[in-house]
Visitor: 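What follows is a single structure, and I will ask about it in a moment.
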Amino acid sequence: MNGFEQELAALEKQKPSPDEVAVALRSGAANGQPVVSSVIIYGLSDLSPAERGAIADSWSRLPASFKAQVLRALNDASEALFELNFREIALLGLTDSSSLARAAAIDLLWFDESPETMQRFMRLADDEDAVVRAKALSALGRFLLLGEYGSIAGDLAKAAQQIVLRLHSDSRQPVLVRRRALEALANSSHPHVPRLIRAAYAEGSHELKVGAVFAMGRTCNSTWGDILLQELTGEDDECVYEAIAACGQLQLQQAAPRIGELAQSDDGEIQLAAVAALGEIGGRRALDILTDLAKAADDDSMAEAIDESLDAAAFSFGLSAPAGIDESD
């Protein structure tokens, strides 16, 4: 347990009151504190609607940049400590006058799969700020996927599809908005998806091309295999990164050798993406590549990532991951 987690554990015994949180927020904003205090983080977790109301006035008076800073810190905390729940403060952030706060609040609701939150994102897809629109569309992508599984009412999923399709088809929208709309729509079985991906890929805009490569993986359709294999050999790092991820999602066996090469790239993000994709692809070839990578790994974080992918690849192949690899072999 690190120092921050120890502080939170101590605070858990006596959660800060809304008044204490409000004081900490005002102090943090006034002093320009680069690190959000544990009082704020724990105090804003598991708020009741009444507690949210009690801090709403103090929250509204904070500088926009500090509100966004707090929401981003809460997001980091929620990813590290799953027991923290910031839904109420995130919902407050969605209605903030600051677009910075609204955008950060959308990210903070990454765990929320409720129809009510989905409807809020549908409204924010038409926000006055393009970054907020793009964030809302990305968030809607997971709800469209839930709709495919029948976990969201069909009429609500269809309404969201129409919003996403409208924004992608609107040439007046910034390219980032159109890209995020396409990426979201690819989580659905909408009949226009293949045509829209092909059009975006061929359009010439770098942003839309990267989005199209991402979307190929989300379709779970291996017909994109030839394009993805071609992108793996390209010089555009963004396209290479998204092609690696897409090959993993599609479990594209023929991509394993090239992705194995990319797992030794000088680019750390591409390395990690390649290792993760090999775990998703699975099969004997991916397992052999990961085993060789494990023997050569000289970085703890990379070794851990390789071990996780070895487990995934071995599971898909019906084997146990190799154990006790001696790096001196």
Side-chain angles (χ1 to χ4, degrees), residues 134 137-138 141-142 144-145 164-165 168-169 171 173-290 292-293 302 305-306 308-309 312-313 316:
L137 288 164
S138 290
R142 73 175 183 271
L144 293 183
L145 185 59
V164 173
L165 180 60
H168 174 70
S169 303
S171 61
Q173 292 289 335
V175 67
L176 177 62
V177 171
R178 297 187 63 218
R179 170 184 172 178
R180 298 306 185 204
L182 177 64
E183 292 173 350
L185 193 63
N187 286 289
S188 77
S189 56
H190 194 286
H192 291 174
V193 167
R195 174 179 62 80
L196 294 174
I197 291 175
R198 284 193 294 270
Y201 183 77
E203 186 174 293
S205 161
H206 173 261
E207 189 91 20
L208 278 179
K209 181 180 179 181
V210 175
V213 174
F214 174 96
M216 291 174 190
R218 301 304 296 171
T219 64
C220 299
N221 189 333
S222 61
T223 58
W224 304 108
D226 289 344
I227 293 176
L228 293 173
L229 289 171
Q230 179 181 325
E231 288 298 333
L232 289 178
T233 62
E235 297 182 358
D236 184 323
D237 285 348
E238 283 188 78
C239 279
V240 170
Y241 179 90
E242 296 298 353
I244 291 169
C247 287
Q249 290 167 336
L250 299 180
Q251 298 182 306
L252 209 60
Q253 293 286 329
Q254 59 267 45
R258 174 57 182 160
I259 292 178
E261 294 172 2
L262 291 168
Q264 302 174 68
S265 165
D266 293 332
D267 185 311
E269 290 188 357
I270 286 180
Q271 266 190 312
L272 287 172
V275 167
L278 287 168
E280 290 181 293
I281 290 170
R284 169 56 67 187
R285 186 177 293 177
L287 192 60
D288 288 345
I289 293 169
L290 286 165
D292 289 341
L293 289 170
M302 181 57 67
I306 292 170
E308 290 178 2
S309 287
S316 71

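Since the structure is predicted, the reported quantities are computational estimates derived from the model, not experimental observations.
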Visitor: Go through Val240 and Asp267 one step at a time and tell me if the side-chain contact (heavy atoms from CB on, under 4.5 Å) criterion holds.
Guide: CA-CA 11 Å; Val240 170; Asp267 185 311; over 6 Å; no
Visitor: Measuring from atom CD1 of Ile270 to atom CG of Asp237, what distance do you get when rounded to the nearest 0.5 angstrom?
Guide: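 One finds 4.0 Å between CD1 of Ile270 and CG of Asp237.
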Visitor: Quick check on Glu269: does its CD atom have over 12 non-hydrogen neighbours (other residues, nucleotides or ligands) under 6.0 Å away?
Guide: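 Open.
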Visitor: Any chance you could measure Gln173, atom CD, to Arg178, atom CZ, to the nearest 0.5 Å?
Guide: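 Rounded to the nearest 0.5 Å, the CD-CZ separation comes to 9.0 Å.
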Visitor: Would you say that more than 12 heavy atoms from the other residues, nucleotides or ligands in this model lie under 6.0 Å from the OH of Tyr201, or not?
Guide: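 Result for OH/Tyr201: enclosed.
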Visitor: Taking Ala215's backbone N and O only, do any of them form a donor-acceptor pair with Glu183's side chain (distance below 3.5 Å, no angle check)?
Guide: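 Side chain of Glu183 to backbone of Ala215, a donor-acceptor pair under 3.5 Å: no, none is there.
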Visitor: So which heavy atom on Ala181 is nearest to which on Val164, and how close?
Guide: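 Nearest heavy atoms, Ala181 then Val164: O-CG1, 2.9 Å.
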Visitor: Using 0.5 Å steps for rounding, measure from the CG atom of Leu272 to the OH atom of Tyr241.
Guide: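 Nearest 0.5 Å value for the CG-OH distance: 8.0 Å.
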Visitor: Give a yes or no on whether a salt bridge exists between Glu242 and Lys209, defined as a side-chain N under 4.0 angstrom from a carboxylate O.
Guide: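 No.
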Visitor: In Å, rounded to the nearest 0.5 Å, how long is the span from CD1 of Ile227 to CE of Met216?
Guide: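 One gets 4.0 Å once the value is rounded to the nearest 0.5 Å.
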Visitor: Closest approach of Ser138 and Arg180, non-hydrogen atoms and distance?
Guide: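 Scanning both residues completely, I find the closest heavy atoms to be OG-CD, 3.3 Å.
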Visitor: Answer yes if the side chains of Thr223 and Asn221 hold a donor-acceptor pair under 3.5 Å, and no otherwise.
Guide: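 Thr223 vs Asn221: donor-acceptor pair found between side chains.
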Visitor: Say you draw a straight line from CD1 of Ile289 to OG of Ser309; how long is it, rounded to the nearest 0.5 Å?
Guide: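 Atom-to-atom, Ile289:CD1 and Ser309:OG are 12.0 Å apart.
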Visitor: Go through the steps for Asn187 and Arg142 under the test side-chain contact (heavy atoms from CB on, under 4.5 Å), then give the verdict.
Guide: CA-CA 7 Å; Asn187 286 289; Arg142 73 175 183 271; over 6 Å; no
Visitor: Would you list the atom pairs, donor with acceptor, under 3.5 Å between side chains in residues 243-252 and any protein atom, with sequence neighbours excluded?
Guide:
| from | atom 1 | to | atom 2 | distance (Å) |
| --- | --- | --- | --- | --- |
| Gln251 | NE2 | Glu280 | O | 3.2 |

Visitor: Going by heavy atoms in the side chains, are His168 and Leu196 under 4.5 Å from each other?
Guide: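 Yes, side chains in contact.
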Visitor: Closest heavy-atom contact between Ala200 and Ala212?
Guide: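 Closest heavy-atom pair between Ala200 and Ala212: CB-CB, 4.1 Å.
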Visitor: Could you walk me through whether Thr233 and Arg258 pass the side-chain contact (heavy atoms from CB on, under 4.5 Å) check?
Guide: CA-CA 8 Å; Thr233 62; Arg258 174 57 182 160; 4.2 Å; yes
Visitor: With distance as the sole test, does Ser188 use its side chain to make a donor-acceptor pair with the main-chain N or O of Leu144 at under 3.5 Å?
Guide: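 Looks like no, no N/O pair under 3.5 Å.
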Visitor: Determine the minimum heavy-atom distance between Ala186 and Val193, stating which atoms define it.
Guide: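 Answer, listing the atom of Ala186 first, then Val193: CA-CG1, 4.1 Å.
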Visitor: Mind listing the closest non-hydrogen atom pair of Ala313 and Leu287 along with its distance?
Guide: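 Looking at all heavy atoms of both residues, the closest pair is CB-CD1, 4.1 Å.
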Visitor: Do the non-hydrogen side-chain atoms of His206 and Asp236 ever get within less than 4.5 Å of each other?
Guide: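 Yes; the side chains approach each other to less than 4.5 Å.
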Visitor: So how far is it from Leu182 CG to Leu137 CG, rounded to the nearest 0.5 Å?
Guide: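 Rounded to the nearest 0.5 Å, the CG-CG separation comes out at 11.0 Å.
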Visitor: For Leu293 and Met302, run side-chain contact (heavy atoms from CB on, under 4.5 Å): C-alpha distance rounded to whole Å, both residues' side-chain angles, the deciding distance at 0.1 Å, then the answer.
Guide: CA-CA 9 Å; Leu293 289 170; Met302 181 57 67; over 6 Å; no
Visitor: Grab the two heavy atoms, one from Leu278 and one from Ala256, that are nearest each other, plus how far apart they are.
Guide: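 So the minimum-distance heavy-atom pair works out to CD2-O, 3.8 Å.
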